[in-house]
2 protein chains.
Amino acid sequence: MDERQALMSFAALSQETRLGVVRTLVVAGPEGMAAGAIAEAMGVSASNISFHLKELERAGLIAQRRESRSIVYSADYDALSGLVKFLMEDCCAGHPRVLGVSAEGKACCSADAASERQHV
Amino acid sequence: MDERQALMSFAALSQETRLGVVRTLVVAGPEGMAAGAIAEAMGVSASNISFHLKELERAGLIAQRRESRSIVYSADYDALSGLVKFLMEDCCAGHPRVLGVSAEGKACCSADAASERQHV
DNA sequence: TCCATATTTCAATAATCCTTGAAACATTGA
DNA sequence: TCAATGTTTCAAGGATTATTGAAATATGGA
């Protein structure tokens with residue numbers, strides 16, 4: 001992921017409704033959810049969810065497909081993992097203090113490379 | 001990290017100058033850099049960098065301390081790792097495809113392998 | 001004290017983003 | 001074809017964010 005895309009992704013995730021949409025779609029899985037169902041889940045109007053979905057798609061974080069009358073959105077897992085990677089490596093320079101925390105509190109992300117760069 | 005702080009952090013990182021500041025300060029390490037040096041590195045005016053530094057501090061991503069005439073800023077590594085953790089766990093529901101964990105339970109963050117992996 | 005340095009604050013403007021409701025578009029079934 | 005459903009587009013407005021230069025604040029040294 002290049003910087004431009006990361007900037008757009010961060011902007012996309014900095015809005016409450018859109019962050020909720022990403023969360024919801026990640027949980028929903030590859031089948032995704034129709035725009036109307038997402039709007040209902042988020043408690044916003046049709047035109048409003050459409051605006052935010054377009055923004056998320058522009059950032060590349062979600063994808064859409066038509067399915068009969070509905071337009072079904074799903075999370076783009078590669079983009080999300082690319083963003084996590086960007087945040088860890090590009091933005092945070094692979095700094096051990098940043099990388100040293102994985103989901104389980106165990107080291108991840110080639111800990112040897114990280115410890116070479118240690119300071120503090 | 002709670003959602004409110006994550007939203008502020010994403011907003012803070014969605015601006016080119018501010019993303020550059022975070023990168024620069026992470027590389028600079030705990031000693032940090034004076035506001036003037038950051039402004040010079042980013043190529044922006046004093047008042048402009050002050051605006052962006054305040055924004056980053058409000059989001060909790062950087063900290064400041066006075067050192068003689070200078071005000072020295074440094075990255076908040078805990079906040080950054082907290083944001084990475086939020087993105088992986090809370091936002092992305094610990095989804096294996098986002099975390100880059102293979103079916104065999106192999107280690108994470110080998111991002112090339114992750115992005116090559118196919119979707120269902 | 002006075003001056004220079006380092007930075008922030010302020011006010012004004014420009015730019016961008018968010019929300020709303022109405023209208024338009026696409027699809028399906030009668 | 002007509003009507004119903006699901007969604008997007010559009011225009012207008014309000015709200016937030018970014019940029020600029022000038023003025024204010026804080027510090028250290030002569």
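Reminder, nothing fancy here: chain letters follow the sequence lines and each chain counts from 1.
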A:A75 and A:L80: which non-hydrogen atoms are nearest, and at how many Å?
-> CB-CD1, 4.3 Å
Locate the shortest heavy-atom distance separating A:I62 from A:Y73; write the atom from each residue and the value.
-> CD1-CD2, 3.6 Å
Take the C1' atoms of the five end pairs on each side of the helix from C:dT1-D:dA30 to C:dC17-D:dG14, get both axes, and report the angle to 10 degrees.
-> 20°
With a 4.5 Å limit on heavy-atom distance, are the side chains of B:K85 and B:M1 in contact?
-> no
Do B:L87 and A:L13 touch side chain to side chain, with heavy atoms closer than 4.5 Å?
-> yes
Does one hydrophobic cluster hold both A:M8 and B:L83, with members joined at side-chain heavy-atom distances below 4.5 Å?
-> no
Hydrophobic cluster membership, B:V22 vs B:I71, 4.5 Å side-chain cutoff = yes
List, one per line, each side-chain donor-acceptor pair under 3.5 Å for residues 32-53 of chain A, sequence neighbours excluded.
residue, atom, partner, partner atom, Å
A:S45, OG, A:N48, N, 3.1
A:H52, ND1, A:R18, NH1, 3.2

In whole angstroms, how far is the C1' atom of C:dA6 from the CD1 atom of B:I38?
-> 13 Å
Here the distance between atom C1' of D:dT17 and atom CE of B:M8, to the nearest Å, is 13 Å
Would you mind checking if B:K54 and B:E57 are paired as a salt bridge, meaning a charged N to carboxylate O distance below 4.0 Å?
-> no
Residue pairs, two or more places apart or on separate chains, that pass side chain to side chain donor-acceptor pair (under 3.5 Å) and touch residues 2-15 of chain A = A:E3-B:R23
Would you mind classifying the nucleic acid contact of B:A39 as base, sugar-phosphate or nothing, using non-hydrogen atoms under 4.0 angstrom?
-> nothing
Sugar-phosphate means primed atoms, P, OP1 and OP2; the rest is base. With that split, encode nucleotides 8-20 of chain C 5' to 3' as B, S or - using protein heavy atoms under 4.0 Å.
-> BB--------BBB
List the protein contact pattern of nucleotides 24-30 of chain D with one symbol per nucleotide (5' to 3'): B for base contact, S for sugar-phosphate-only contact, - for none; contact means a heavy-atom distance under 4.0 Å.
-> --SBB--
For A:R65, what residues pass the salt bridge (charged side-chain N to carboxylate O under 4.0 Å, His left out) criterion, not counting sequence neighbours?
-> A:E67
